[in-house]
Amino acid sequence: MKFLEYTPLERINDFLDHLSLGECTIKGCLEAYSCKHTGTDKKLSISLEHEMLDYLGRSSDTDSSSPVDHLLSRSSRKTLIYLVLTLYHMYPDYDFSVVKAHQFFTEESWDSFKQIFDTYMFEASKEWVQANGDGSLIETLKEALDEVVKLSECEIYSYNPNSDADPFSERGAIWSFSFFFYNRKLKRIVSFRFLCLSNLVVEGLLPNELGYGEDEEIFDDMDM
């Protein structure tokens, strides 16, 4: 996997680097990668493939509802390996298990992604228009993604790990999302991570473990 630099992505990254919204801060990051193996990628991909095959061998053939059914397809395993390799490059100090990771990936559509983005990034989108005045944030994002990975040819995945398998967790996080846009033909992936932090927790004015009511109160301050 090779990191790719694209100016349209960097423009959005600069805006979402540390967007303060009163008691909350929005952070976001887009990263593009080529799926061509570099360095230790080949060795790691072979290891991940063996891990999946071993897991499939130990899974019950009679369990028709098994969540590993799609791993029987070689192309599905290859896609999952690329997704996990992307995670490794994003977080090289974190040890990902491909067997665990596949349980947290969900295939999405552009519409399902846009619904989440429009809901949770509503205030950030207003700030974008005020700062740039040249189109909405979601349309700018769509154009940037289309330039890099051609959205019409993309498979879109969300990654929603539990707390034990989440390398993205940050102190004071109220919510967070991770999406991957994969173009099989171009062999490129764009990852997009965006989250909301409580400034009160980050600055030490509240404990990190917010109670439900406190979390709701902070979240309600954002006009969604």
Side-chain angles (χ1 to χ4, degrees), residues 3 9-33 83-97 100-106 108 112-132 136-138 140-142 144-145 156-181 189-224:
F3 178 76
L9 300 184
E10 288 306 313
R11 183 189 177 202
I12 298 172
N13 284 342
D14 289 343
F15 175 74
L16 295 177
D17 180 55
H18 197 274
L19 181 61
S20 181
L21 300 172
E23 292 186 350
C24 300
T25 293
I26 298 291
K27 294 174 64 178
C29 184
L30 290 146
E31 294 183 355
Y33 293 90
L83 292 171
V84 174
L85 285 176
T86 303
L87 288 172
Y88 267 106
H89 279 266
M90 293 168 64
Y91 295 89
D93 296 329
Y94 195 91
D95 186 19
F96 292 93
S97 163
K100 289 183 179 179
H102 96 273
Q103 300 172 13
F104 306 131
F105 279 110
T106 304
E108 305 281 356
S112 64
F113 164 77
K114 184 177 182 298
Q115 183 177 16
I116 291 172
F117 186 92
D118 286 344
T119 300
Y120 287 87
M121 297 289 278
F122 180 75
E123 290 295 329
S125 298
K126 290 199 301 184
E127 291 290 326
W128 172 271
V129 172
Q130 291 179 7
N132 296 277
S136 67
L137 179 56
I138 186 64
T140 303
L141 173 63
K142 185 176 183 180
L145 289 170
I156 304 175
Y157 298 89
S158 61
Y159 182 66
N160 302 298
N162 58 32
S163 58
D164 294 333
D166 188 2
F168 309 111
S169 59
E170 291 193 33
R171 174 179 170 81
I174 298 172
W175 51 258
S176 64
F177 295 94
S178 299
F179 287 89
F180 295 82
F181 302 82
I189 290 180
V190 172
S191 65
F192 183 31
R193 167 75 170 170
F194 54 103
L195 68 157
C196 177
L197 302 174
S198 165
N199 290 337
L200 297 177
V201 173
V202 172
E203 295 168 4
L205 300 178
L206 284 177
N208 192 35
E209 295 78 13
L210 287 174
Y212 180 80
E214 293 168 312
D215 187 52
E216 282 279 304
E217 185 177 341
I218 292 175
F219 194 68
D220 287 343
D221 287 340
M222 301 179 66
D223 297 328
M224 295 190 301

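All residue numbers in this chain count up from 1 along the given sequence.
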Side chain to side chain contact (heavy atoms under 4.5 Å, CB included) between T25 and C196, intermediate numbers included: CA-CA 6 Å; T25 293; C196 177; over 6 Å; no

Side chains of E31 and V190 in contact at under 4.5 Å (non-hydrogen atoms): no

I12 CD1 to L30 CG distance, which is reported to the nearest 0.5 Å: 5.5 Å

Interatomic spacing from CG in N132 to CG in L137 - rounded to 0.5 Å: 8.5 Å

Note, N199 side chain near L21 side chain (heavy atom, < 4.5 Å): no

Student check: side-chain heavy atoms of Y157 and S178 closer than 4.5 Å: no

Parallel, tilted or perpendicular: rings of F105 and Y159 (30°, 60°): tilted

Gap between atom SG of C24 and atom CD of E123 - 0.5 Å precision: 9.5 Å

Heavy-atom pair of closest approach, residues F15 and A124: CZ-O, 3.5 Å

Side chain proximity check, S198 to E23, heavy atoms < 4.5 angstrom: no

Any side-chain heavy-atom pair of I174 and L197 under 4.5 Å: no

Straight-line distance of M90 CE to F3 CZ, nearest 0.5 Å: 10.5 Å

Heavy-atom pair of closest approach, residues V201 and G172: CG1-CA, 3.5 Å

Side chains of Y33 and F180 in contact at under 4.5 Å (non-hydrogen atoms): no

From CG (L16) to NZ (K27), nearest 0.5 Å: 11.5 Å

Ring pair (Phe, Tyr, Trp, His ring centres under 6.0 Å) against Y88, all qualifying residues, sequence neighbours excluded: F96

Centroid-centroid under 6.0 Å between F181 and F113 rings: yes

Pair F117-F192, side chain to side chain contact (heavy atoms under 4.5 Å, CB included): steps then yes or no: CA-CA 11 Å; F117 186 92; F192 183 31; 3.8 Å; yes

Aromatic ring pairing F179/F194, orientation class (parallel under 30°, perpendicular over 60°, tilted between): parallel

OG on S125 to CD on Q130, rounded to 0.5 Å: 11.5 Å

Steps toward side chain to side chain contact (heavy atoms under 4.5 Å, CB included) verdict (R11, T140): CA-CA 10 Å; R11 183 189 177 202; T140 303; 4.0 Å; yes

side-chain contact (heavy atoms from CB on, under 4.5 Å) partner of M121, the single match among I26, I116, I138: I26

Check: L83 and I189 side chains under 4.5 Å, non-hydrogen atoms: yes

N160 side chain to F104 backbone, donor-acceptor under 3.5 Å: no

